[in-house]
Each structure stands twice: as structure tokens, then as C-alpha cells.
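Protein chains get the first letters and strands the later ones, always in sequence-line order, with residue 1 at the start of each.
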Amino acid sequence: LNSQKLRLLHQELEHAKDMALLVARRERVTLDLLEQNVRIFDQRSNV
Amino acid sequence: MNDNTKEYEKLKSELKKSLATRNKLEDEFERLEQEIYEKETEYFSGNNATSNTGIAGNRFSYGGNIIKGFDGFNKSHHHSAGHDSHNRGFNNDDRIFSLSSAIF
Amino acid sequence: MDPSSVLDQTIQDVSNLQAEFTHILGEIRASDTQLLDQRKKYMQKDSQIHKFIRQHGSLQEHPKEQELSEKIREKMSACKNLQEQKCTMANTALYLVAKHLSRLEKNIGLLEEDGLLAPV
């Protein structure tokens with residue numbers, strides 16, 4: 001029973017890590033988007 | 001005049017490239033939001049199904065997760081049956097990862 | 001080392017993880033709400049400039065263009081700061097769970113080597 005619990009706990013932590021990784025990637029892409037928006041604003045002004 | 005036109009065309013071309021990059025980033029963002037949502041849905045549907053296969057088969061008899069907490073792993077099968085919050089199914093309020101985005 | 005002691009130790013280690021995640025993800029959402037609010041404000045100012053350009057052409061400058069541009073840049077910078085904070089929070093959540101997972105995987109590996117862990 002303890003072996004099964006251990007494996008189940010491992011599975012749950014893996015799921016949590018996968019989700020946290022997706023969230024971190026989403027936030028990174030959002031940051032890149034904001035930086036891109038700044039660049040576009042400046043480029044539009046120049047044009 | 002030619003130099004100005006060249007400069008203008010160059011600036012326009014750079015702006016076009018930036019706009020294209022931004023479109024790709026927006027697509028990537030949407031894809032990630034969708035993936036987060038789908039992974040949550042997959043996880044919930046895998047855990048909401050009831051099972052009467054006994055200790056070995058029923059994940060809700062013991063355990064826990066990042067949403068409800070891991071205290072369930074401490075409890076024995078007898079204590080957890082029926083009264084444990086881990087046995088309650090998931091609902092949309094439990095989509096803590098999707099809900100971390102205000103747009104969702 | 002046996003499965004029971006590893007399980008007890010891991011449960012103790014991750015006992016606060018759910019609360020930490022709930023807190024961090026809640027903070028990310030709160031910051032995102034602020035960010036959307038700031039973004040809405042600078043988009044409104046940006047659309048004022050664009051509306052003027054559509055009506056008067058791009059050669060004539062909006063009377064308040066300098067002021068509007070400065071405010072837009074300020075708000076964009078504020079958004080960027082908020083987003084950097086969100087990235088830090090997301091990375092913190094990832095680090096917390098990865099740390100525990102890595103330790104558990106190492107212990108599972110040791111138990112399997114000693115034949116103390118029942119196969120999957």
C-alpha cells in the first residue's frame with residue numbers, strides 16, 4: 001500500500017510540475033508580447 | 001528624397017516584421033492557455049470518475065493533489081472513505097492554473 | 001530507508017505546497033488584473049493618436065502627441081514591471097514543486113535499487 005501511495009504521490013507531483021511549467025511558459029510569452037508591443041509602438045512613431 | 005523613401009521603406013519593413021512576430025507570440029499564448037485548460041480537464045475527468053474496485057483501484061480512497069492538498073496520503077482507507085474533501089469531485093473553481101490568467 | 005519512511009518524509013515536505021501554489025497563482029491573477037487595467041488605459045490613449053491620424057493624416061501631429069506618447073510609455077513600462085513580477089512568481093511555483101519532485105524521484109530510485117519498492 002505504501003509503495004502504491006508513493007507512486008501515486010509521485011504522479012501527482014509530476015502533474016503539478018507540468019502545470020507549473022505551462023504557467024511559467026505562458027507568463028514568459030506574455031512578457032515577450034509586452035516587449036514586442038513597446039517595440040511596435042516605437043516603430044510606429046518612427047514610421 | 002530617395003534616401004527618405006528608402007529610410008521610410010526600411011522602417012515600414014521592420015514594423016511589418018515586428019507585427020508578424022507579435023502575431024506568432026499571440027498564437028503561442030493562446031495555445032498555452034488552451035493546453036493548460038485541456039490538461040486540467042483531462043486531469044479532472046480522470047479523477048472525477050467513481051470507482052468501486054476497492055483500495056487498490058480507487059484513487060480517491062487515499063491521496064491528494066496540488067489542488068486539494070496532500071494530507072490524504074497520511075490517512076488510512078477507513079478514515080478517508082466518504083468524508084474526505086479529496087473524495088469531492090472537481091469543478092471549474094478548481095482550475096487554479098487557468099484561473100491564474102485574468103483573461104480566462 | 002523504506003517506502004513508509006520516504007512517504008512520511010515526502011508528505012511532510014509537501015504539506016504546505018498546496019497553500020503555496022494557491023497563494024502564488026492567486027497573486028499572479030491579481031497582478032494580471034492590474035496589468036489588464038493598465039493596458040486598457042494605454043490602449044485608449046493610443047487609439048486617440050490613431051483616430052487623429054485617420055482624420056488628419058500622418059503628417060500632422062496630434063496637439064498632445066508628446067504628452068500622450070509619454071503616458072503610453074509609462075503605462076507600458078508599468079505593465080512590463082508587473083509582468084516580470086508574474087514571471088518570478090510562476091518560476092517560484094515551478095521551482096518549489098520541482099525541488100520536491102526531484103528529491104522524491106531520487107528516493108524512489110534508491111528504494112527500487114534495494115528492491116524495497118513494489119513494481120508499478
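- When heavy atoms are compared at a cutoff of 4.5 Å, A:Glu14 approaches chain C by way of both its backbone and its side chain.
- Contact of C:Tyr42 with chain A is made through the side chain alone, with heavy-atom distances under 4.5 Å.
- C:Asp2 places a side-chain N or O within 3.5 Å of a backbone atom of C:Ser4 that can act as its donor or acceptor partner.
- Only the side chain of C:Glu112 comes within contact range of chain A, with heavy atoms under 4.5 Å apart.
- With no hydrogens or angles considered, a side-chain donor-acceptor pair links C:Gln83 and C:Lys86 at under 3.5 Å.
- When heavy atoms are compared at a cutoff of 4.5 Å, C:Glu65 does not approach chain A at all.
- In this model, a donor atom of one side chain and an acceptor atom of the other lie less than 3.5 Å apart for A:His10 and C:Glu105.
- Under a 3.5 Å cut-off, the side chain of A:Thr30 and the backbone N or O of A:Arg26 do form a donor-acceptor pair.
- Contacts between C:Leu7 and chain A at a heavy-atom distance below 4.5 Å involve backbone atoms as well as side-chain atoms.
- For a residue to count as touching a neighbouring chain, one of its non-hydrogen atoms must lie under 4.5 Å from one of that chain's; by this rule C:Leu35 touches chain A with the side chain only.
- Heavy atoms of C:Ile72 lying under 4.5 Å from chain A belong exclusively to its side chain.
- Side chains of A:Arg7 and A:Gln4: a donor-acceptor N/O pair is absent below 3.5 angstrom, by distance only.
- Side-chain contact, C:Gln9 with C:Asp13: a donor N or O sits under 3.5 Å from an acceptor N or O.
- For a residue to count as touching a neighbouring chain, one of its non-hydrogen atoms must lie under 4.5 Å from one of that chain's; by this rule C:Thr92 does not touch chain A.
- When atom types are taken as modelled, the side chain of C:Ser77 and the backbone of C:Arg73 share no donor-acceptor pair closer than 3.5 angstrom.
- In this structure, the portion of A:Arg44 lying under 4.5 Å from any heavy atom of chain C is its side chain and not its backbone.
- The choice from A:Ser45, A:Ser3, A:Ala24, A:Ala20 that makes the most heavy-atom pairs within less than 4.5 Å of chain C is A:Ser3.
- Residue contact with chain C, scored on non-hydrogen atoms closer than 4.5 Å, involves the backbone and the side chain of A:Leu21 alike.
- The most heavy-atom pairs under 4.5 Å with chain A, out of C:Ile108, C:Leu17, C:Ile11, C:Asn91, come from C:Ile108.
- For the pair C:His56 (side chain) and C:Phe52 (backbone), a donor-acceptor distance under 3.5 Å is present.
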